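Per chain, numbering begins at 1; letters A, B, ... match sequence-line order. For clarity, every value in this text was computed on a predicted model and none was experimentally measured.
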2 protein chains.
Amino acid sequence: MKSVTIKDVAKRLNVSISSVSRAFNNSYDIKKETRERILRTAQEMGYYPNPIAQKLTQKKTFNIGVVVPEFINEYYSEVIRGIQDILTSLGYQVLIMQSDNKHERELKNVKTLIHNMMDGLIICPSVKSKNMDYYLDEINKGYPIVFLNRIEQSFPANKVLFNNTKWGFFATEHLIYQGYKKIYHLSGSNDLGITKDRTQGFIKALAKHGFSKDDYKVIETGILPENAMARVQELIDNKDLPEAFMCVNDLVALSTISVLRQNQIEVPNDIGVVGFTETKIADLVSPKLSSVKQPTYEMGKSAAEMLMKVIKKETMSSNTIILNGSLNIRESSIRANQ
Amino acid sequence: MKSVTIKDVAKRLNVSISSVSRAFNNSYDIKKETRERILRTAQEMGYYPNPIAQKLTQKKTFNIGVVVPEFINEYYSEVIRGIQDILTSLGYQVLIMQSDNKHERELKNVKTLIHNMMDGLIICPSVKSKNMDYYLDEINKGYPIVFLNRIEQSFPANKVLFNNTKWGFFATEHLIYQGYKKIYHLSGSNDLGITKDRTQGFIKALAKHGFSKDDYKVIETGILPENAMARVQELIDNKDLPEAFMCVNDLVALSTISVLRQNQIEVPNDIGVVGFTETKIADLVSPKLSSVKQPTYEMGKSAAEMLMKVIKKETMSSNTIILNGSLNIRESSIRANQ
DNA sequence: TGAGTTTTCGGAAACGTTTCCGTTGATTTA
DNA sequence: TAAATCAACGGAAACGTTTCCGAAAACTCA
């Protein structure tokens, strides 16, 4: 378990510790031949500089921490791919921690990463900004942090966002243009800023097109199938069905379609459905699911690039990047002519 | 950016550095009152022990590294949840790295984690054991490593596995019992041990039930939709369709159903389909997808528990845990009576 | 009361690096 | 040829802890 240190290499070659160090950091004041000699025998002896010791003296670790709430679908997976593609090409390593949608664990993760001297952090918060003081403190101390998704636009920090209100609006307006006159929104939790924004977009679209209070409803189902299915079944039982559903995400949309089908209600012939945060399966199911695609990979890339700028001190202020998505209209929301 | 160190605390209280250290490690040889006094002012000054410096002197970091190939579906997400639930309850932190299905990046990740002094590692390899020498070296040095999934049963290390051959066999036999006489297997890459094992299970089941060479085929589609869809379309064009498909995973199964539907071929009325590595959507699509459920959460738990035993030196040998799954039969593979 | 024991604490080495400073010998310059 | 410059290297401090060792003070016991 004993690993070979810089001293062992120095002793073997009868050179000083400093020279070995210089050889590895290819410093200018070392002769080319000795440098090569040192590197060669170091290789033979299986020596590599201990990163922990390096961190103690240097400031840079070339490690970047990423905190995500979950991996429930490919959303954060693709975000991380975007982050990694940028950062690994620049010689950084990406360390990921999962906070399981719990704010406390998120905070603990962030502290762990900071204390382990990450050069910077990309944080995807679990819930809407409660207790962000710690983060603000660190930012003010000069610690490089970029937020991604699920954070308020007004929060004074560098961040990469998706405009959920806007695309919630478009998704809803699409249903309206299809001629659906009564539309229900199955919404996420109100604690979650992003799903709340989608709800706002929903309401804005209805307002613009003169829907009255009787023509729509917002039903808080959360983002997981179980509860959503129960609530839809309730609607059916109460004979309180709309002409279309605008759903907080694809999982809820698929759940809705599934329950409707069990009750011999067909999508889109009887009822239209549109999802949000498109996943691969949208294109594979029947009916194919209309949904809003988020630029996940690009969001990761942007966040990584922004973080690099912060680290290089090329920017100090609180920048916000808002990326565009697309509404992919498929079968589930195409209203039959009648 | 200058953080407060142990010296600052010691100086403020006119005690020695050692005493402050003792206070934090609640050592036995410090008076209770001084310990509390130190802890209190340390808190006031915002001091916490620098983990990097601690790592340099101690051997334990209470950090565990996890390397996964991807987050393409909820598979590794649930594995990680299992790992985290065990380890965080024991005071450990879990650091995750994603190797993007590339062996080189996996190796780099592992080295990064080891050099950063993780107390142990759980590795989910990306491809079948090529170049495992580095891992074996570390294990022989006494470094605690547990492997999970995608590794050969003969590999001499601690590991947690799913019996892909067995459940590939059961999935296939289920189709046979349904009366399907001609069955094709859409398989993953041969480089991937686990998908190869499923293929073996497929062939075993056919052999047991006396299928001849003409009654089955193995078609290597890989694990992603695009290629699978193309290959299925080829089969349709060549009028070379089986009575049932046994698919390497759910994504390929859904892709298959989708292509068949585009060609007016209905599942399960015309053709039966069964998937593998069940995901949430299996229950939400139409027809509901029959699939093999893997005990993902439990696999993570087992791996974490096994790693703890290795770290505590309660076990030295190469243990293998093989967990059981279940075959969930739904609509897609129920053959209509005829 | 004096020897032995225990409690509590300080000093200093150690962990494995980087980096500043200084020294040596060789080379250049006037 | 003497002075000045330069290339190449060694020594040692520093990073922030833990821990071993030893010593002072307090306590025990006969």
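Checking the phosphate oxygens (OP1, OP2) of C:dT18, a side-chain nitrogen or oxygen of A:Ser21 falls inside 4.0 Å. Side-chain nitrogen and oxygen atoms of A:Gln54 include at least one within less than 4.0 Å of the OP1 or OP2 phosphate oxygen of C:dT18. The side chain of A:Ser18 contributes no N or O atom lying less than 4.0 Å from OP1 or OP2 of C:dT18. Side-chain nitrogen and oxygen atoms of B:Asn50 include none within less than 4.0 Å of the OP1 or OP2 phosphate oxygen of D:dC15. An OP1 or OP2 oxygen of C:dT17 is reached within less than 4.0 angstrom by a side-chain nitrogen or oxygen of A:Tyr47. For the OP1/OP2 pair of D:dG16 and a distance below 4.0 Å, the side-chain nitrogens and oxygens of B:Thr5 include no atom meeting the criterion.
B:Lys60 places its NZ atom 18 Å from the C1' atom of D:dT17, with the value rounded to the nearest Å. Here the C1' atom of nucleotide D:dC15 and the NE2 atom of A:His115 are 17 Å apart, to the nearest Å. Distance, B:Lys7 NZ to C:dG11 P: 13 Å, rounded to whole Å. For B:Asp29 and D:dC27, the CG to P distance is 17 Å, given to the nearest whole Å.
With D:dC9, C:dT18, C:dT17 as the choices, the nucleotide that has an atom nearest any side-chain atom of A:Lys31 turns out to be D:dC9.
Salt-bridge annotation for B:Glu138 and B:Lys141: present, with a side-chain N of the basic residue lying under 4.0 Å from a carboxylate O of the acidic one.
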Dump the intermediate steps for side-chain hydrogen bond (donor to acceptor under 3.5 Å, both in side chains) on B:Gln294 and B:Tyr75, then the final yes or no. CA-CA 9 Å; B:Gln294 289 196 44; B:Tyr75 187 88; 2.9 Å; yes

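If you check every strand for non-hydrogen atoms under 4.0 Å, A:Ser27 touches nothing. Residue contacts shown for A:Asp8 are absent, as no nucleic acid heavy atom lies under 4.0 Å away. Heavy atoms of A:Phe24 sit nowhere under 4.0 angstrom from any nucleic acid atom. Here A:Ile52 lies out of heavy-atom contact (under 4.0 Å) with every strand.
Residues B:Asn14 and A:Tyr48 both approach DNA chain C. Their nearest nucleotides, taken by heavy-atom distance, put B:Asn14 toward the 5′ side.
In this model, no side-chain donor or acceptor of A:Ser19 finds a partner on the base of D:dG10 within 3.5 Å. B:Thr57 contributes no side-chain N or O that forms a donor-acceptor pair with the base of D:dG16 under 3.5 Å.
Two residues are said to be in side-chain contact when any heavy atoms from C-beta on lie closer than 4.5 Å; B:Glu314 and B:Met308 fail this criterion.
Within the 3.5 Å criterion, the main-chain N or O of A:Val310 finds no donor-acceptor partner in the side chain of A:Thr315. With hydrogens and angles ignored, the 3.5 Å screen pairs no side-chain donor or acceptor of B:Asp8 with any backbone N or O of B:Val4.
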